[in-house]
Amino acid sequence: MRLRLGRVTLSSGLLGAMFLMATSAIGPGFITQTTTFTAQLGAAFAFAILVSILVDIAVQLNIWRVIGVSNMRAQDLANKVLPGAGYLLAVLIVFGGLIFNVGNIAGTGLGLDAMIGLDPRVGAAISALVAIVILAVKRLGVALDRILVVLGVMMIALTAYVAFVSSPPVGDALRQSVLPEAASSDLFLATITIIGGTVGGYITYAGAHRLIENGMGGRENIAAITQTSVTGIIVTGLMRVLLFLAILGVVAGGVAIMDAPNPSAEAFYQAAGEVGMRLFGMIMWAAAVSSVIGASYTSISFVTTFSPWLERHKGKLVTGFIGVSLAIYLVSGQAPGTLLVMAGALNGVILPVGLGLLLWVAARHSKTLLNGYRYPRWLLVVGVAAWLLTVYMAVNALGGIAALWQ
């Protein structure tokens, strides 16, 4: 499978890396965030989406460039520049990935319930088994990249249909993408929230680690790495825009979806009736199961380089990771609220910590860790500007941890 983008031809491995990142970002939380902010801000949410896409591109360009050129995973680079930092980064990633994976598994159950009326717990167990089989069976593992592409394209196509039938005020959304009418504080909160949901935690590393595992790293692949990293954000942004428009059409019609038990499902039902509800179930399931795959694969990729034994037993570790996530969901019925707050706060810390370390590699260790590659000054400046914003996000995220002690 190959895709031509400009002067660059993306191979199956590059497409897989791109869609692993994109489908990891498009999970149950992504759908819930987009629904909530669209209901609160209306067409003005388009401004937050536009700004977040630009910041996400700045972050991902730098992270993928450093990891790709070095041909090393993020935790190993972190340990090179600051001994022990890689282990800390791995702990944060694995903990946050595990807790959010509980939410992803819960999302698969909700998706199958909306799609075919299956009990959510049964649906979650079946979906976890599907994810385990895809990641653990060698033949399916080779086809993982194509599976992710199919899931990603399916989500976008189905959401585009609902966006069309909901008849959103596109002109108003376009105008408010540059001249928003909502309060600046509300827009800023929405923007930093969806930035964290797109490139925070493990998500931006998912595609980068997959890329070097597929043998697509090195200076000779810089053009493809750049194109893939930007296109991954654009794919995620496209899904965000389509979901926003689908819900905006309903909200603009005067429907109070936030009064419903499941606002996202209600929006799809109001837009397309019973068909809309089934489509919502398909989208939710595809989003959730692809996020289970992304969270599990990436979280384990952060620990396997620490020991040959861990590398040899990678398949068992992934199976165990999904199994523990499923067990927590089945016991609690949901991701425990306190742990979700903790994981969300830690995910807010992961982005500036990881991005800061990788920018330091680009600025001070290009000769040794980037094989003499001369890192573009403009890209470094853009990365530092984005890093400053992520530091602000982290300070606010830590408030979630402080709240747990009150």
For this session: Give a yes or no on this: more than 12 heavy atoms of other residues, nucleotides or ligands lie within 6.0 Å of atom CZ of Phe164.
Result: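 Not buried by this count: 12 neighbours or fewer within 6.0 Å.
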
Problem set entry | More than 12 heavy atoms from other groups under 6.0 Å of CZ on Phe306 |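 Yes, the 6.0 Å shell around CZ holds more than 12 heavy atoms from other groups.
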
Exercise. Would Thr193 and Gln33 count as having a side-chain donor-acceptor pair, cut-off 3.5 Å?
Worked result: no

Exercise. Under the side chain to side chain contact (heavy atoms under 4.5 Å, CB included) criterion, do Met21 and Ile203 qualify, and how do the steps go?
Worked result: CA-CA 6 Å; Met21 174 269 146; Ile203 297 171; 4.2 Å; yes

For this session: Test Leu135 against Ser296 for side chain to side chain contact (heavy atoms under 4.5 Å, CB included), laying out the working first.
Result: CA-CA 9 Å; Leu135 286 166; Ser296 305; 4.2 Å; yes

For this session: Check the pair Asp145, Phe19 against side chain to side chain contact (heavy atoms under 4.5 Å, CB included), reporting the backbone distance first and the verdict last.
Result: CA-CA 8 Å; Asp145 298 327; Phe19 273 93; over 6 Å; no

Between side-chain atoms of residues 235-244 and protein atoms elsewhere (two or more places apart, or another chain), which donor-acceptor pairs fall under 3.5 Å?
from: Thr236; atom 1: OG1; to: Gly232; atom 2: O; distance (Å): 2.9
from: Arg240; atom 1: NH1; to: Thr34; atom 2: OG1; distance (Å): 2.9
from: Arg240; atom 1: NH2; to: Thr198; atom 2: OG1; distance (Å): 3.1

For this session: First locate atom CD1 of Ile194, then atom CG of Leu189, and finally report the distance between them rounded to the nearest 0.5 Å.
Result: 10.5 Å

Problem set entry | Residue pairs passing the ring-ring contact (aromatic ring centres under 6.0 Å, His included) test where at least one lies in residues 185-204, sequence neighbours excluded |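 Matches after skipping sequence neighbours: Phe188-Tyr392.
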
Exercise. ring-ring contact (aromatic ring centres under 6.0 Å, His included) with Phe280: which residues, sequence neighbours excluded?
Worked result: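 Only Phe268 meet the ring-ring contact (aromatic ring centres under 6.0 Å, His included) criterion with Phe280.
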
Problem set entry | Check against side chain to side chain contact (heavy atoms under 4.5 Å, CB included), Thr191 and Val55 | CA-CA 10 Å; Thr191 302; Val55 175; 5.8 Å; no

Problem set entry | Pairwise salt bridge (charged side-chain N to carboxylate O under 4.0 Å, His left out) hits with a residue in residues 64-86, at least two apart | Arg73-Glu213

Exercise. Run the side chain to side chain donor-acceptor pair (under 3.5 Å) check on Asn62 and Tyr375 step by step: do they pass?
Worked result: CA-CA 10 Å; Asn62 278 280; Tyr375 205 79; 2.8 Å; yes

Only distances under 3.5 Å count here; give the side-chain donor-acceptor pairs of residues 102-114 to other protein atoms, sequence neighbours excluded, each with its distance to 0.1 Å.
from: Asn104; atom 1: ND2; to: Phe100; atom 2: O; distance (Å): 3.4
from: Asn104; atom 1: ND2; to: Asn101; atom 2: OD1; distance (Å): 3.4
from: Thr108; atom 1: OG1; to: Ile105; atom 2: O; distance (Å): 2.5

Problem set entry | Residues forming a salt bridge (charged side-chain N to carboxylate O under 4.0 Å, His left out) with Arg175, sequence neighbours excluded | Asp172, Glu181

